[in-house]
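To keep things clear, I will list the structure first and then write my remarks on it.
These figures come from a predicted structure and were not determined experimentally. Quick note: residue numbers are just sequence positions, from 1. Computed over heavy atoms, backbone and side chain alike; hydrogens, waters and symmetry mates excluded.
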Amino acid sequence: MDAYKAAPTPDTRLYDRIARNAGNACTALSQLMPITPDSAMKAEMAVQQKKYRQFQAAAQRALESMGSQASTPGVVGRLCMDVGVQLKARTDPSNRHLAQMLAQGCCLGVTGCVMARRDNPAASENAQRLARELEQFEQNAADRWREFL
């Protein structure tokens, strides 16, 4: 028999979205680092990946404190993302192309944060703050990647 599972709250939905956004960014950076020829780009990727892991960990801790956990992406969704990143990156591993991919990914992350905050207006100030911080980080990251164009 399945254990009772509480309905998602605005906080759990928002923290889940934060954890998934940050996790997707970590995965993409992990895939791109080995094929990135430029050491400055690799260093920037490592710095950003560390920060994304911090966002992911903070969201996961918040979820755990509420008796929940971050959702995992579906197999098909994860596979599509992984294959898409690999195909795009391997067809043109130039700094310019990788920077463009990463800037676009950050812009998607910003959009995801804005939508998640608007979809969960009743979420706590702590959840809203973490989402705003991730949104700002991703905006800054997109600007940083544009410097490599």
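Annotation for I18 and A59: closest pair CG2-CB, 3.8 Å, computed over non-hydrogen atoms. The minimum heavy-atom distance between S124 and D11, with the atom names listed, is N-OD1, 2.5 Å. For G23 against Q56, the heavy-atom pair with the smallest separation is CA-NE2, 3.5 Å. Closest non-hydrogen pair, A123 versus A127, comes out as CB-CB, 4.2 Å. Heavy-atom minimum distance, P34 versus K42: O-NZ, 4.4 Å. What you find for A142 and C106 is that their closest heavy atoms are CB-CB, 3.7 Å.
Here the SG atom belonging to C113 is positioned 10.5 Å from the CD atom belonging to Q128, to the nearest 0.5 angstrom. The line from NZ of K51 to CG of L29 is 14.5 Å long, rounded to the nearest 0.5 Å. Considering CE of M41 and CD of Q48, their distance stands at 9.5 Å, rounded to 0.5 Å.
Applying the side-chain hydrogen bond (donor to acceptor under 3.5 Å, both in side chains) rule to D16 yields the partners R20, S71; only residues at least two apart in sequence or on another chain are considered. Contacts of T111 classified as side-chain hydrogen bond (donor to acceptor under 3.5 Å, both in side chains), with partners at least two apart in sequence or in another chain: none. Applying the side-chain hydrogen bond (donor to acceptor under 3.5 Å, both in side chains) rule to N95 yields the partners D38; only residues at least two apart in sequence or on another chain are considered. Qualifying side-chain hydrogen bond (donor to acceptor under 3.5 Å, both in side chains) partners for Q136, counting only residues two or more places apart in sequence or in other chains: N140. Listed by chain and number, the residues in a side chain to side chain contact (heavy atoms under 4.5 Å, CB included) with Q100 are H97, Q104, L149 (sequence neighbours excluded).
Looking at heavy atoms from C-beta onward, R144 lies out of side-chain contact with L102 at the 4.5 angstrom threshold. By the 4.5 Å heavy-atom criterion applied to side chains, E44 and W145 are counted as neighbours. Contact annotation: the side chain of Q139 approaches that of D143 to within less than 4.5 Å [non-hydrogen atoms, C-beta and beyond].
D92 and S94 are linked by a side-chain donor-acceptor pair at a separation below 3.5 angstrom, with hydrogens and angles left out of the test.
Judged as a ring-ring contact (aromatic ring centres under 6.0 Å, His included), the pairs with a partner in residues 103-137 (not counting sequence neighbours) are, in order, Y52-F137, F55-F137.
Between the R13 side chain and the P8 main chain, a donor and an acceptor come within less than 3.5 Å of each other. Looking at E138, its side chain never comes within 3.5 Å of a backbone N or O of L108 through a donor-acceptor pair. Remark: the backbone N or O of L32 is paired with a side-chain donor or acceptor of T36 at under 3.5 angstrom.
A single hydrophobic cluster is seen to contain both I35 and F148, as judged by linkage of ILVMFWY side chains at heavy-atom distances under 4.5 Å, directly or through other members. One hydrophobic cluster, built from ILVMFWY side chains closer than 4.5 Å, holds both L134 and L130.
Counted within 6.0 Å of CD on Q69, heavy atoms from surrounding residues, nucleotides or ligands total 12 or fewer; the atom is thus considered open.
Paired with E135 under the rule salt bridge (Lys or Arg N to Asp or Glu O under 4.0 Å), one option of R17, R118, R117, R129 passes, and it is R117.
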Q: List the steps and the verdict of salt bridge (charged side-chain N to carboxylate O under 4.0 Å, His left out) for E125 and R132.
A: CA-CA 10 Å; E125 180 52 37; R132 283 191 306 271; 2.5 Å; yes
**Q.** side-chain contact (heavy atoms from CB on, under 4.5 Å) evaluation trace for Y15 with T9
**A.** CA-CA 10 Å; Y15 281 127; T9 66; over 6 Å; no
